[in-house]
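Numbering of residues begins at 1 and proceeds along the displayed sequence. Whatever order the structure lists ligands and atoms in, that order sets their numbers, starting from 1. These numbers were taken from a predicted model, which means no experiment stands behind them.
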Amino acid sequence: MEKRFVYADNAATTKPDPRVLEAMKPYLTECWGNPSSIYSFGQDAKEALNKARAKIASLMGCDAGEIYFTSCGTESDNWAIRGAAYANIRKGKHLITTKVEHHAVLHTMEALKKEGFEVTYLDVDEYGMVSPESVRNAIRDDTTLVAVMYANNEIGTVMPIAEIAKITKEKKVLFFTDAVQAIGHEKINLHELGADMLSCSGHKINAPKGTGFLYIRKGVGIRNLIEGGGQEKGKRSGTENVAYAVALAKALELACEQMPDLERVAAMRDRLIHEILAKIPDTRLNGHPTQRLPGNVNISFDFIEGESMILLLDSCGICASTGSACSNNSLEPSHVLLAIGLPHEKAHGSLRLSLSHETTDEDVDYILEKLPPIIQRLRDMSPLYNA
Ligand code: PLP
């Protein structure tokens, strides 16, 4: 096949949708007033902000008053965890999370530990799944918050969030889920789900980077992370980014409309998994075989160093990612792959391909044509493979 550009790193970020850019543009060019200003030019911006909030709420099955705009998934995660930990400090200082969370959660937990909180990190099984029973068993009288991600960003495993929510409700402990990777891929109705807080990041669903929201269930009080002019009902200050709020609402609307197409995406995922495992020996699938995000493929190749694989794929025009080393500015292999029990060398040789609605069968064919010789070439150079 002729060389082509194949973007298979949608878990890292997605292409801004032209319809999203079109929807937000008027709020940068014409209606750019400050929504807190009382003159009508400002109030027009406020109306757009309110409409965006209402649209998101109706798509997520919650009330508009429960959606707070933030600057990204990381901010939402930090706010939910820190805010809940400090708001409930009189009840206790024990927090529960899993070993496979995104660093936005894990590093916030680490920071809280330094501030005197105690954190339990739950194990996951070989598929990256946390058991609801382990959550139940970890809850103590002084536990105030459980944080379990909806779907894993590396291996795509979708967690039993509704079941965990039932347990935390029964135990009267707050439950936060980082849904950054799940939104747009999983059907979520917040009032049915039962989580107290949920985070979203716009750039994973074709909105610009720097957009996000935090859902906080009515009646749940958490401490502010950002103080200032009292926007977002006094809970998240900073002049409202109307254009980005409009973009996020439009992106979410499109993601929900496109959900039926996820079956096609999942079929491409399954074809990739099946054919890579069949064509290339000494490989294994990481993540759950069925409870996984529709676009996520994560495979470990023995005797391979992840970065070399990414660079050779790049030379063929394929964007992908690895859970190894320097690609993430660290020399450690992915904490997620280690948590599911992979030894260091296998964790270093992992490849994540994350597909989207834009991925085509031809893209899949192209990856399947280019990948096997790349793996062979790298293995031929490996002293371990030839030993
Ligand atoms: N949580 C998860 C599961 C993610 O995958 C990411 C981004 O990769 C984040 C949080 C952080 O989101 P943002 O890039 O919007 O800060």
Side-chain angles (χ1 to χ4, degrees), residues 7-16 20 56 67-83 97-111 121 124 128-130 147-159 161 164 176-186 188 195 197-215 225-226 236 238 241 244-245 247-248 251-252 255 286-288 291-298 319-323 327-330 334-337 339-340 350 352-356:
Y7 185 75
D9 203 16
N10 288 280
T13 198
T14 57
K15 180 176 158 190
V20 169
I56 290 172
I67 297 291
Y68 297 86
F69 288 111
T70 64
S71 68
C72 59
T74 300
E75 182 193 329
S76 300
D77 288 358
N78 272 255
W79 183 19
I81 296 166
R82 263 188 180 277
T97 189
T98 78
K99 289 187 177 168
V100 295
E101 301 296 308
H102 188 270
H103 284 134
V105 169
L106 289 180
H107 289 171
T108 304
M109 292 286 183
E110 283 304 299
Y121 296 92
V124 293
M129 191 73 88
V130 73
V148 177
M149 71 199 318
Y150 205 116
N152 189 272
N153 46 302
E154 291 188 35
I155 57 175
T157 300
V158 180
M159 301 287 200
I161 295 303
I164 295 172
F176 162 62
T177 184
D178 170 344
V180 165
Q181 293 288 338
I183 287 179
H185 303 276
E186 295 289 314
I188 300 178
M197 295 176 283
L198 172 141
S199 60
C200 167
S201 168
H203 76 101
K204 311 290 184 180
I205 55 167
N206 309 98
K209 290 158 197 61
T211 52
F213 70 75
L214 178 65
Y215 156 81
L225 185 69
I226 298 180
R236 198 280 186 181
N241 195 339
Y244 273 24
L248 184 54
L252 188 62
N286 298 316
H288 200 280
Q291 306 296 320
R292 73 185 298 136
L293 289 172
N296 178 286
V297 175
N298 189 311
C319 303
S321 100
T322 173
S327 56
N328 303 329
N329 299 321
S330 115
S334 139
H335 63 284
V336 176
L337 298 178
I340 61 171
S350 74
R352 180 186 70 186
L353 298 162
S354 41
L355 317 181
S356 77

From CA spacing to verdict: side-chain contact (heavy atoms from CB on, under 4.5 Å), Val180, Asn153: CA-CA 8 Å; Val180 165; Asn153 46 302; over 6 Å; no
Derivation of the side-chain hydrogen bond (donor to acceptor under 3.5 Å, both in side chains) call for Asn78 and Thr108: CA-CA 6 Å; Asn78 272 255; Thr108 304; 3.2 Å; yes
Phe69 vs Ile56, side-chain contact (heavy atoms from CB on, under 4.5 Å): CA-CA, chis, key distance, verdict: CA-CA 10 Å; Phe69 288 111; Ile56 290 172; 3.5 Å; yes
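Of the protein's non-hydrogen atoms, the one nearest atom 4 (C) of ligand 1 is His102 CD2, 3.2 Å. Nearest protein heavy-atom contact of atom 15 (O) of ligand 1 is Ser201 OG, 2.6 Å. Here the heavy atom of the protein found nearest to atom 14 (O) of ligand 1 is His203 NE2, 2.8 Å. The protein atom (non-hydrogen) at minimum distance from atom 5 (O) of ligand 1 is Gln181 NE2, 2.8 Å. With hydrogens left out, the protein atom closest to atom 11 (C) of ligand 1 is Thr74 OG1, 3.4 Å, a heavy atom. Nearest non-hydrogen protein atom to atom 1 (N) of ligand 1 is Asp178 OD2, 2.6 Å.
Proximity of Lys204 to ligand 1 is established by a heavy-atom distance of less than 4.0 Å.
For His203, there are no ring-ring contact (aromatic ring centres under 6.0 Å, His included) partners at least two apart in sequence or on another chain. Among residues two or more places apart in sequence or in another chain, the ring-ring contact (aromatic ring centres under 6.0 Å, His included) test is passed with His288 by Tyr127.
In summary, the atoms of ligand 1 found under 4.0 Å from a heavy atom of Asp77, numbered by their order in the structure, are 1 (N), 10 (C). The ligand atoms of ligand 1 that sit less than 4.0 angstrom from a heavy atom of Asn153 are 3 (C), 5 (O). Short contacts between ligand 1 and Cys72, defined as distances under 4.0 Å to a heavy atom of the residue, involve ligand atoms 15 (O), 16 (O).
Put simply, the side chain of Thr97 never gets that close to the backbone of Tyr121: no donor and acceptor are under 3.5 Å apart. Of the possible polar contacts, one joining the Glu75 side chain to the Ser71 backbone as a donor-acceptor pair under 3.5 Å is found.
Residue contacts with ligand 1 for Met149 involve side-chain atoms from C-beta outward but no N, CA, C or O (heavy atoms, distance under 4.0 Å). Contacts with ligand 1 closer than 4.0 Å are made by no heavy atom of Val105, backbone or side chain.
Interatomic distance, Cys200 SG to Ile188 CD1, rounded to the nearest 0.5 Å: 8.5 Å.
Using cut-offs of 30° and 60° for the angle between ring planes, the Trp79 and Tyr68 rings count as perpendicular.
Backbone and side-chain nitrogen or oxygen atoms of Ala151 are examined, and none is located within less than 3.5 angstrom of a nitrogen or oxygen of ligand 1.
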